[in-house]
2 protein chains.
Amino acid sequence: MTTDPAHPDHPGDQDWRETLRARGLRLTPQRELVLAAVRELRHATPDQVHAHVRARSEAVNLSTVYRTLEVLEDAGLIKHAHLSDRAPTYHAVDDDHEHFHLVCRRCKKVTSVATGALAPLNETLRDRYGFVPDAAHLTVFGTCEGECCPDEHDHD
Amino acid sequence: MTTDPAHPDHPGDQDWRETLRARGLRLTPQRELVLAAVRELRHATPDQVHAHVRARSEAVNLSTVYRTLEVLEDAGLIKHAHLSDRAPTYHAVDDDHEHFHLVCRRCKKVTSVATGALAPLNETLRDRYGFVPDAAHLTVFGTCEGECCPDEHDHD
DNA sequence: CTTGTTGCAAACTTTTTGCATACAC
DNA sequence: GTGTATGCAAAAAGTTTGCAACAAG
C-alpha cells in the first residue's frame, strides 16, 4: 500500500479525493457530504444518509444520494450490506478493520465482527467450492442469547 | 422427530395440513398452490411464485401470494433468503437438508451448501458473542474462481 | 469550454393495507 | 353461522430515469 493517511481514524480521510480523481470523477460538495454522513452514521440507509445531510441544512436531492452512494461504492470508499429485509445500509470501508455483521432478530442489535472470524469458513468454501466470499458484505441473521434479549419465543 | 413422511422427497408432504391446522389456520387451495410452487421452483421470488401459480391457470392474487408466503414462513414450512439485492427468494424447509447459499456476483450462480460447513463459525459466534445464527437464512456473496467464471475484472 | 453532476418530477418495482365478499370449518 | 382468507384497488416504500440547468476541471 502506498497510501498515506492524513488522519488515523480514516485511512483515506484525504484519500477519497485522490480516489475519485484517479477515476476521473469530480469532487463535489454533495459527494463530500454523503461520504461524511456514511462515515458518521456508521450503518445508514440511503434515506438516513439523506436526512443526515439535510439536517446540516445542506439540501441534497435524494436521487443524488442514490447516485452518489453508487459512485462511492464503485470507487471502493463505501460498501453496503443488508441489515434488514428492507433497505440496504451503507458503511465506510476501512481496510484495516474489515468486518461483517450480526443482526439479532429479537432485539435488532447489530454487531460488527472482524472478518478474521470467517477464516475457517473461507477455507472450506474455497477448498470445496472454489468460492471466495465477499466477507464485508456478509450479514448473519440470528438471535443473541444474552441478557439483552428477553427470552421470548422466537418470532421472526 | 415423530414425523411420518408420506413421501420421501418432502418430509411433511402431507404434514403441511397438520402444521396449518395445529395453528388454527385454514387449508385453502391458494395455500396449497403457493406451497407447491415454492417446492417446485426451489428458489423463487414472490413474483415468480405468482407467475408459476397463474401458469397453472389457477388465478391467485399477488397480494394473496404475499400473505400466504408470510403465513407459510411463520408456520415454518418455508424460509426466505436474499439471493440478490432485490427481491427475497423463498424455498421449502427440509429439516434433513438444511442449507445456506453462495451467490457468485460474476456468473450469478447459486450454490446450496449444507449448514454443517458453518459449524466452526457457529462456535466462534456463540463463544465470543453469544450469538446463534439462523444458518438457513444466510447468503454469502462472492465469486467462484472456477472455469464457470471468465476471469474478468471484479465489478459488482 | 466540455463533460460530468445535480435537481426535479415523473415513472417504476416491490410490498402493504383497507374493505367488501367468499368460503373453510 | 362465524370468523378467517381472498380479491381488488389504492397507497406506501424504495429506487431509477429523462432532461434541462449547473459547475468542476
Side-chain angles (χ1 to χ4, degrees), chain A residues 16-38 41 43-54 56-75 77-78 80-90 156, chain B residues 16-38 41 43-54 56-75 77-78 80-90 156:
Chain A
W16 68 274
R17 298 169 174 284
E18 290 302 331
T19 306
L20 292 187
R21 241 185 242 120
R23 297 194 159 220
L25 299 168
R26 292 181 180 171
L27 307 182
T28 68
Q30 287 89 337
R31 288 178 176 173
E32 179 163 16
L33 286 164
V34 168
L35 179 56
V38 169
L41 293 171
H43 297 122
T45 62
D47 222 49
Q48 292 170 327
V49 170
H50 184 223
H52 187 82
V53 170
R54 303 204 106 199
R56 314 175 123 200
S57 78
E58 310 277 3
V60 174
N61 194 276
L62 179 56
S63 59
T64 299
V65 170
Y66 275 98
R67 288 187 280 226
T68 302
L69 288 172
E70 189 180 344
V71 165
L72 295 178
E73 185 159 27
D74 281 350
L77 293 168
I78 63 176
H80 79 274
H82 298 274
L83 303 187
S84 83
D85 283 349
R86 291 201 146 274
T89 61
Y90 287 83
D156 201 315
Chain B
W16 69 274
R17 297 169 174 282
E18 290 301 332
T19 305
L20 292 186
R21 243 185 240 120
R23 297 194 157 220
L25 299 168
R26 294 184 178 169
L27 307 182
T28 68
Q30 287 90 337
R31 289 178 175 173
E32 179 163 16
L33 286 164
V34 168
L35 179 57
V38 169
L41 293 172
H43 297 123
T45 63
D47 220 49
Q48 292 170 327
V49 170
H50 185 223
H52 187 82
V53 170
R54 302 204 107 196
R56 314 175 122 200
S57 78
E58 311 277 3
V60 173
N61 193 276
L62 179 57
S63 58
T64 298
V65 171
Y66 275 98
R67 288 188 279 227
T68 302
L69 288 171
E70 191 179 344
V71 166
L72 296 178
E73 184 159 27
D74 280 350
L77 292 167
I78 63 177
H80 79 274
H82 298 274
L83 303 187
S84 82
D85 282 350
R86 294 203 142 272
T89 60
Y90 286 84
D156 200 314

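Chain letters run A, B, ... following the sequence lines, proteins first and then strands; every chain starts at 1.
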Query raised in the report: Rounding to a whole Å, what distance do you find between Arg31(B):CZ and dC25(C):C1'?
Result: 13 Å

Query raised in the report: So, does Arg56(A) use its side chain to make a donor-acceptor pair with the main chain of Leu33(A) at under 3.5 Å?
Result: no

**Report entry** Distance in angstrom units between Leu69(B) CG and dT6(D) C1', rounded
**Finding:** 15 Å

Query raised in the report: Among all residues two or more places apart in sequence or in another chain, which pass the salt bridge (charged side-chain N to carboxylate O under 4.0 Å, His left out) test with Glu70(B)?
Result: none

Query raised in the report: Do you know the tightest heavy-atom contact between Pro46(B) and Pro88(B)?
Result: CD-O, 3.4 Å

Report summary line: Contact string for nucleotides 19-25 of chain D, one letter per nucleotide 5' to 3', B = base within protein heavy-atom range under 4.0 Å, S = sugar-phosphate only, - = neither, reads ----BBS

Query raised in the report: Listed by chain and number, what are the side-chain contact (heavy atoms from CB on, under 4.5 Å) partners of Thr28(B), not counting sequence neighbours?
Result: Arg26(B), Gln30(B), Arg31(B)

Query raised in the report: Tell me: CG of Leu20(A) to P of dT6(C), nearest whole Å?
Result: 10 Å

Query raised in the report: If an axis is fit to five pairs at each end of the helix from dC1(C)-dG25(D) to dC25(C)-dG1(D), what is the angle between the two, to the nearest 10°?
Result: 40°

Report task. To the nearest 0.5 angstrom, please state how far the CG atom of Leu20(B) sits from the CG atom of Asp74(B). Result -> 11.0 Å

Report summary line: Rounded to whole Å, the CD-P distance (Glu32(B) to dA24(C)) equals 12 Å

**Report entry** Contact under 4.0 Å: Tyr66(A) side-chain N or O vs dT15(D) OP1/OP2
**Finding:** yes

**Report entry** Whichever of Arg86(B) and Leu62(A) has its nearest DNA chain C nucleotide further upstream toward 5'
**Finding:** Leu62(A)

Query raised in the report: Can you find a pair of side-chain heavy atoms, one from Glu32(A) and one from Arg17(A), that are under 4.5 Å apart?
Result: yes

**Report entry** Residue list, ring pair (Phe, Tyr, Trp, His ring centres under 6.0 Å) with His82(A), at least two apart or on another chain
**Finding:** His80(A), His137(A)

Requested in this report: Could you tell me the separation between the CG atom of Leu69(B) and the OG1 atom of Thr64(B), rounded to the nearest 0.5 Å?
Outcome: 10.5 Å

Query raised in the report: For DNA chain D, what residues of residues 45-52 of chain A have any heavy atom nearer than 4.0 Å?
Result: Pro46(A)

Report task. Check the distance between dT21(C)'s P and Asn61(B)'s CG and give it to me in whole angstrom. Result -> 17 Å

Report task. Output yes when at least one side-chain N/O atom of Gln30(A) is less than 4.0 Å from OP1 or OP2 of dG7(C), else no. Result -> yes

**Report entry** Inter-residue atom distance Leu27(B).CG - Thr19(B).OG1, 0.5 Å rounding
**Finding:** 10.0 Å

Report task. Test Leu35(A) against every option in Val49(A), Thr68(A), Ile78(A) by the side chain to side chain contact (heavy atoms under 4.5 Å, CB included) rule and name the one that passes. Result -> Ile78(A)

Report task. Give the rounded distance in Å between these two atoms: CD of Glu70(A) and C1' of dG14(D). Result -> 15 Å

Report summary line: Among the nucleotides dG7(D), dT15(D), dT15(C), whichever has the atom closest to the side chain of Pro88(B) is dT15(C)

Report task. Report the C-alpha separation of Asn61(B) and Ser63(B) in whole Å, then their side-chain angles, then the decisive distance to 0.1 Å, and conclude whether the side-chain hydrogen bond (donor to acceptor under 3.5 Å, both in side chains) test is met. Result -> CA-CA 5 Å; Asn61(B) 193 276; Ser63(B) 58; 2.7 Å; yes

Query raised in the report: Does Thr64(A) make a side-chain N or O approach to OP1 or OP2 of dG7(C) shorter than 4.0 Å?
Result: yes

